[in-house]
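Below, all heavy atoms of this structure are taken into account, side chains as well, without hydrogens, waters or symmetry copies.
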Amino acid sequence: MNKIFKKIINFIKEEIIIRFFISCIILDISGYLLANYGFKLIYSKFNIINFVLVILGIILLIIFFIMLYKDIYLTIKDDE
């Protein structure tokens with residue numbers, strides 16, 4: 001079972017298109033969380049659930065930028 005997970009992770013590491021789609025999904029989820037729950041947090045009473053979801057959206061947005069940076073860096077490194 002562990003070998004299967006290693007093969008899947010290695011496949012995702014090698015395929016730029018799959019990493020691109022995963023990063024777009026992460027961006028979509030983080031944008032949704034920030035847009036919906038961020039405005040609820042700002043314009044309504046403070047709610048811990050909204051706060052946690054906004055923090056999750058920010059964390060996902062940071063993960064998106066890290067993945068995007070790695071994809072660009074690996075693409076440039078492969079070209080050299």
Side-chain angles (χ1 to χ4, degrees):
M1 194 68 161
N2 198 8
K3 291 181 182 179
I4 295 172
F5 287 126
K6 285 183 181 179
K7 287 182 180 179
I8 292 172
I9 290 172
N10 288 335
F11 180 73
I12 290 173
K13 284 182 182 178
E14 294 173 1
E15 292 295 322
I16 293 175
I17 294 174
I18 293 175
R19 285 194 314 244
F20 175 75
F21 284 127
I22 290 172
S23 63
C24 287
I25 290 169
I26 289 173
L27 179 65
D28 186 44
I29 292 171
S30 65
Y32 174 78
L33 290 174
L34 288 174
N36 286 338
Y37 297 105
F39 287 120
K40 286 181 183 178
L41 185 66
I42 293 171
Y43 294 115
S44 65
K45 293 181 179 179
F46 181 79
N47 189 353
I48 192 70
I49 296 172
N50 290 345
F51 181 71
V52 169
L53 290 173
V54 168
I55 296 297
L56 179 65
I58 292 170
I59 291 170
L60 287 174
L61 194 62
I62 292 169
I63 291 171
F64 165 74
F65 283 118
I66 291 170
M67 288 181 70
L68 184 67
Y69 173 75
K70 285 184 178 181
D71 286 343
I72 292 171
Y73 178 74
L74 289 175
T75 305
I76 292 172
K77 188 176 178 182
D78 289 341
D79 289 340
E80 293 176 352

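Interatomic distance, CD1 of Ile26 versus CZ of Phe64, reported as 9.0 Å (0.5 Å rounding).
The two atoms that bring Ser30 and Gly57 nearest to each other are CB-O, 3.2 Å, heavy atoms only.
In this model, a donor atom of one side chain and an acceptor atom of the other lie less than 3.5 Å apart for Asn36 and Tyr32.
Checking each of Ile62, Ile63, Leu61 against Ile59 for a side chain to side chain contact (heavy atoms under 4.5 Å, CB included) leaves exactly one that passes, namely Ile63. Just one of Val54, Leu53, Ile55 meets the side chain to side chain contact (heavy atoms under 4.5 Å, CB included) condition when paired with Leu33; it is Leu53.
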